[in-house]
Amino acid sequence: MAQTRAAHTRRRVLLAAAGELAQHGYSGTSLARIASRAGVTMGALTFHFPTKPALAKGVYEDGAASTRTAVDRALGRSRLPLQNVIDITHEVARLLRTDASVRAACRLSREEAGAGCSWHRLWLGDVERLAGEAQAGGHLGEKCSAGLLCVLVVCMLAGLDAPAAHTSGSVAEDPDTLSRLWGLVLGTVAAPRSPALLPGGSPG
């Protein structure tokens, strides 16, 4: 019973910390406010996470695990590398809209608030590999290269990465925005005779 209660407290602290870090960043977040948001005492918080860096690390690891799980799921939906790239962007976008731990991991990485926080590499490495495969297979248009495709993906996700800094919240939070963006650019990104692609992502 005590172990279950401790695990529940730890989870509440992590969820509260994720919300605070995603909204206010590392420097703008305090342990006292996290404890208040979680509804726990400072003693209970520091029992599980003695320092702010330790708590940030826990939140980052949660967000990183969710991200990798989603990316791995996306990689299994299609045999076409370019479609896999599209599917990864949809998974990342979904997580940034719905998962505070992922938004926090993204922000910690962007702010370089801790060693080992490299959230973007959790999905960008696969995008780079798949873009290379698409180019080698002749699936990219003549005006598109693997490098340009990677830059395009990063730019597409930038508005969801930090929507307040880049675009209106309503556009960034609209789940159909990414599908419309892919619909706009696929005619140039994909080779004319490449297999049909789904701008809204593969089903599943």
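For the pair Tyr26 (side chain) and Glu112 (backbone), a donor-acceptor distance under 3.5 Å is absent. Distance alone, capped at 3.5 Å, is enough to place a donor-acceptor pair between the Asp87 side chain and the Ser202 backbone. Judged by distance alone, the side chain of His120 and the main-chain N or O of Gly125 form no donor-acceptor pair under 3.5 Å. Of the possible donor and acceptor atoms, one in the side chain of Arg107 sits under 3.5 Å from a partner among the backbone N and O of Ala22. Ser118 contributes no side-chain N or O that, together with a main-chain N or O of Arg121, makes up a donor-acceptor pair within less than 3.5 Å. Under a 3.5 Å cut-off, the side chain of Thr29 and the backbone N or O of Gly25 do form a donor-acceptor pair. One N or O on the side chain of Ser194 and one on the backbone of Ala191 form a donor-acceptor pair closer than 3.5 Å. Counting only distance, with no hydrogens or angles, the side chain of Arg33 and the backbone of Gly28 share a donor-acceptor pair below 3.5 Å.
For the residue pair Ala190 and Leu197, the shortest heavy atom distance occurs at CB-CD1, 3.9 Å. Across all their heavy atoms, Ala38 and Arg12 have their closest contact at O-NH2, 2.7 Å.
Contacts of Glu133 classified as side chain to side chain contact (heavy atoms under 4.5 Å, CB included), with partners at least two apart in sequence or in another chain: Pro81, Arg129, Leu130. Taking Asp62 as the reference, Arg11, Leu14, Ser101 meet the side chain to side chain contact (heavy atoms under 4.5 Å, CB included) condition, with sequence neighbours excluded. The side chain to side chain contact (heavy atoms under 4.5 Å, CB included) test applied to Ala93 returns Arg97, Leu157, Leu160, Leu178, not counting sequence neighbours. Evaluation of the salt bridge (charged side-chain N to carboxylate O under 4.0 Å, His left out) rule for Lys52 yields no partner, not counting sequence neighbours. In this structure, the side chain to side chain contact (heavy atoms under 4.5 Å, CB included) partners of Ala54, at least two apart in sequence or on a different chain, are Pro50, Thr51. By the side-chain hydrogen bond (donor to acceptor under 3.5 Å, both in side chains) test, Asn84 is found to be paired with no residue, residues two or more places apart in sequence or in another chain being considered.
Identified under the salt bridge (charged side-chain N to carboxylate O under 4.0 Å, His left out) test for residues 193-204, with sequence neighbours left out: none. Screening residues 68-80 for side chain to side chain donor-acceptor pair (under 3.5 Å), with sequence neighbours left out, gives Arg68-Asp72, Arg68-Asp126, Arg73-Glu91, Arg77-Glu91. Pairs engaging residues 139-153 under the side chain to side chain donor-acceptor pair (under 3.5 Å) rule: none recorded [sequence neighbours left out]. Sorted by first and then second residue, the salt bridge (charged side-chain N to carboxylate O under 4.0 Å, His left out) pairs involving residues 37-49 (not counting sequence neighbours) are Glu20-Arg37.
Between Thr89 and Trp123, the side chains place no donor N or O within less than 3.5 Å of an acceptor N or O (distance only, hydrogens not considered).
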